[in-house]
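Reckoned from all heavy atoms, side chains included, excluding hydrogens, waters and symmetry mates. Remember, it's a predicted structure, so these values are computed and weren't measured experimentally.
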Amino acid sequence: QILQRLFVVVVAAFIAIRFEWLRQALRGTELKWRYRFPAIGVFGLLAIIGTHSGVIIDVHEKWWAIDLSAEIPEKLGETQAIVGFRDTMALVAGLIGGPWVGFGAGLLAGAERYLLGGFAGLASGLATLLLGVFAGCIRCLKPHWVATVTGVFWVAVAGTLLHRLMILILVRPYNLAVALSLEVIVPVGIVNTLGCVLFFWIMRDLDRDRLEKEVHEARLLALQAELRALQAQVDPHFLNNTLNDLKALIRLDPDKARVYVSQLADFFKYTREFAGLNTISLAQELAQLQRYLALQR
C-alpha cells in the first residue's frame, strides 16, 4: 500500500523536475541560499505528504488488524503510529541538496509529525530531522558514496536503522518500542531504499540533460569561433579586391564609384552587426547576399 502511494509521488516529482526553476534549484542548492529555500519547500512538502499517505497502526493490535484505508486524523491516539515514506523524502532531500536542505525538509516534516502526536511522535519527529542531516552530511563528506546505486542503497538502510534506534532510545514502554520497530522495519526499509534509488535515477537523468546541454553549448561556441576565424581570414582578401575595383571605378566612372562606396559601407555595416550575433534570420542572410552580389556586379 505504501509503495503504491510512494510511486505516485515519484511520478509527480519526475514531472515537476521538468520545470526549469526546480532544476536550477536542485542544481544550485549547495551553492546559493536562494536555491535552497525552494528545495526545502519541495522536499518538506513531499515528506509531509509521505506522512499523510501512510498507514495507521496500533501498537496493541496485530498487523492483520490494520485498516489500510483509514485516513490520517488531525490527532493520533496514544497507541497509534504512522508507517509512511516521510523518512524517504528526508533522506532524498539530504542526498540531493546537502545538509541544509536535509535539515530544512526534515525540520518541516518532523515538526508536523510531532504535532500529530500519537505513539513515538517525538521520536519519529526527531528521527526525520536527524535523517535529513545525516544524508546531507554523507553527501558533503563522502560524495562518492551517493554517486552509485549501491551507496544510496546503504545510506537508506542506515537511515532506516537509525530511526529504529531513536525509537528504542526515546520511547517507553520499552517492550512496545521493540514491538513497533520489529513490526515495521522491513516495510519501511523496503520503501526507504527503493524510494531513494528511484530519486537517484531521476537526478541522474537531470544530470544527463545538463551535461548534454553543456556539450551542445560548447559545440555552438566552437562553431562560432571557427566561423569568426574564417571570416577574419576572408575579410582582408575581400577588402583588397573591392579597393582595387573602387580605384578602377574612380578613374572610369566617378558617379558609379560613389554608389559603389555607399554599397560597400552598407555591406560592412551589416557584416559588423551580424558578427556579434549567435544567429541571424534567413531574410537577413539573403539581404546581405544581395548586397554582396551588387558589389560583384
Any heavy-atom pair between the side chains of Glu78 and Phe119 that's under 4.5 Å?
no
Any chain of hydrophobic side-chain contacts (each under 4.5 Å) joining Trp154 to Leu161?
yes
Derivation of the side chain to side chain contact (heavy atoms under 4.5 Å, CB included) call for Arg291 and Leu264:
CA-CA 8 Å; Arg291 296 185 191 98; Leu264 185 61; over 6 Å; no
Are side-chain heavy atoms of Lys75 and Leu116 found at a separation under 4.5 Å?
no
Please confirm whether the backbone N or O of Gly50 pairs with a side-chain atom of Ser53, one donor and one acceptor, at under 3.5 Å?
no
To the nearest 0.5 Å, what is the distance between CG on Leu246 and NZ on Lys256?
13.0 Å
As a quick check of understanding, evaluate side chain to side chain contact (heavy atoms under 4.5 Å, CB included) for Leu194 and Phe7, giving each step before the final call.
CA-CA 10 Å; Leu194 186 56; Phe7 288 154; 3.8 Å; yes
Rounded to the nearest 0.5 Å, what separates atom CD1 in Ile72 from atom CD1 in Ile56?
4.0 Å
May I ask you to test the Leu180-Ile57 pair for a side-chain heavy-atom distance under 4.5 Å?
yes
Answer yes or no: does atom CD of Glu71 have more than 12 heavy-atom neighbours from other residues, nucleotides or ligands under 6.0 Å?
no
When you measure from the side chain of Glu273 to the backbone of Tyr270, do you find a donor-acceptor pair of N or O atoms at a distance under 3.5 Å?
no
Does atom NE2 of His216 have more than 12 heavy-atom neighbours, drawn from other residues, nucleotides or ligands, at distances under 6.0 Å?
no
Would Val186 and Val197 show up in the same hydrophobic cluster when neighbours are defined by side-chain heavy atoms closer than 4.5 Å?
yes
Around atom CD of Gln296, are there more than 12 heavy atoms of other residues, nucleotides or ligands at under 6.0 Å?
yes
Can you tell me how far apart CG (Leu170) and CE (Met166) are? Round to the nearest 0.5 Å.
5.0 Å
Rounded to the nearest 0.5 Å, how far does CH2 of Trp145 lie from CZ of Phe153?
15.0 Å
Could you pull out the closest heavy-atom pair between Leu76 and Gly118, with the gap in Å?
CB-CA, 3.7 Å
Going by heavy atoms in the side chains, are Ile82 and Val55 under 4.5 Å from each other?
no
If you draw a 6.0 Å radius around OH in Tyr292, do more than 12 non-hydrogen atoms from other residues or ligands fall strictly inside?
no
Atom pair CG (Leu293) and CZ (Arg297), whose distance is rounded to the nearest 0.5 Å:
6.0 Å
Closest heavy-atom contact between Val149 and Trp201?
CG2-NE1, 3.6 Å
Within the structure provided, determine whether His60 and Leu176 are in side-chain contact (heavy-atom separation under 4.5 Å).
yes
Close side-chain approach of Val146 and Met203, heavy atoms under 4.5 Å
no
Of all heavy-atom pairs between Leu168 and Ser181, which one has the smallest distance, and what is that distance?
CD2-OG, 3.9 Å
May I ask whether Val11 and Phe199 are part of the same hydrophobic cluster, defined by side-chain heavy atoms of I, L, V, M, F, W, Y residues being less than 4.5 angstrom apart, directly or through others?
no
Is any side-chain heavy atom of Leu198 less than 4.5 Å from a side-chain heavy atom of Ile202?
no
Distance from Tyr35 atom OH to Ile40 atom CD1, nearest 0.5 Å?
15.0 Å
Has Arg34 got a side-chain atom pairing as donor or acceptor with Pro38's backbone, closer than 3.5 angstrom?
no
Is it true that, when you exclude Arg219 itself, more than 12 heavy atoms of the residues, nucleotides or ligands shown sit nearer than 6.0 Å to its CZ?
no
Might you confirm whether atom OH of Tyr114 has over 12 heavy atoms from other residues, nucleotides or ligands at distances under 6.0 Å?
no
Indicate yes or no for a side-chain donor-acceptor contact from Glu61 to the backbone of Asp58 under 3.5 Å, with no hydrogens or angles considered.
no
Locate the shortest heavy-atom distance separating Ala158 from Phe134; write the atom from each residue and the value.
CB-CZ, 3.9 Å
How about Val155 and Cys196: do any of their side-chain heavy atoms sit closer than 4.5 Å?
no
Any donor-acceptor pair under 3.5 Å linking the side chain of Asn244 with the backbone of Asn240?
yes
Hydrogens and angles aside, do Glu112 and His52 bring a side-chain donor and acceptor to less than 3.5 Å of each other?
yes
Are Leu45 and Leu115 connected in a single hydrophobic cluster, I mean Ile/Leu/Val/Met/Phe/Trp/Tyr linked by side-chain heavy atoms less than 4.5 Å apart?
yes
Between Val188 and Ile48, is there shared hydrophobic-cluster membership here, with clusters defined by ILVMFWY side-chain heavy atoms closer than 4.5 Å?
no
Without placing hydrogens or testing angles, list every side-chain donor-acceptor pair under 3.5 Å for residues 85-110, not counting sequence neighbours.
{"unit_1": "Arg86", "atom_1": "NE", "unit_2": "Thr128", "atom_2": "OG1", "d": "2.8"}
{"unit_1": "Arg86", "atom_1": "NH1", "unit_2": "Thr51", "atom_2": "OG1", "d": "3.1"}
{"unit_1": "Asp87", "atom_1": "OD1", "unit_2": "Thr128", "atom_2": "OG1", "d": "3.2"}
{"unit_1": "Asp87", "atom_1": "OD2", "unit_2": "His163", "atom_2": "ND1", "d": "2.3"}
{"unit_1": "Thr88", "atom_1": "OG1", "unit_2": "Asn192", "atom_2": "OD1", "d": "2.6"}

Tell me whether Thr242 contacts the main-chain N or O of Leu239 through its side chain, where contact means a donor paired with an acceptor under 3.5 Å.
yes
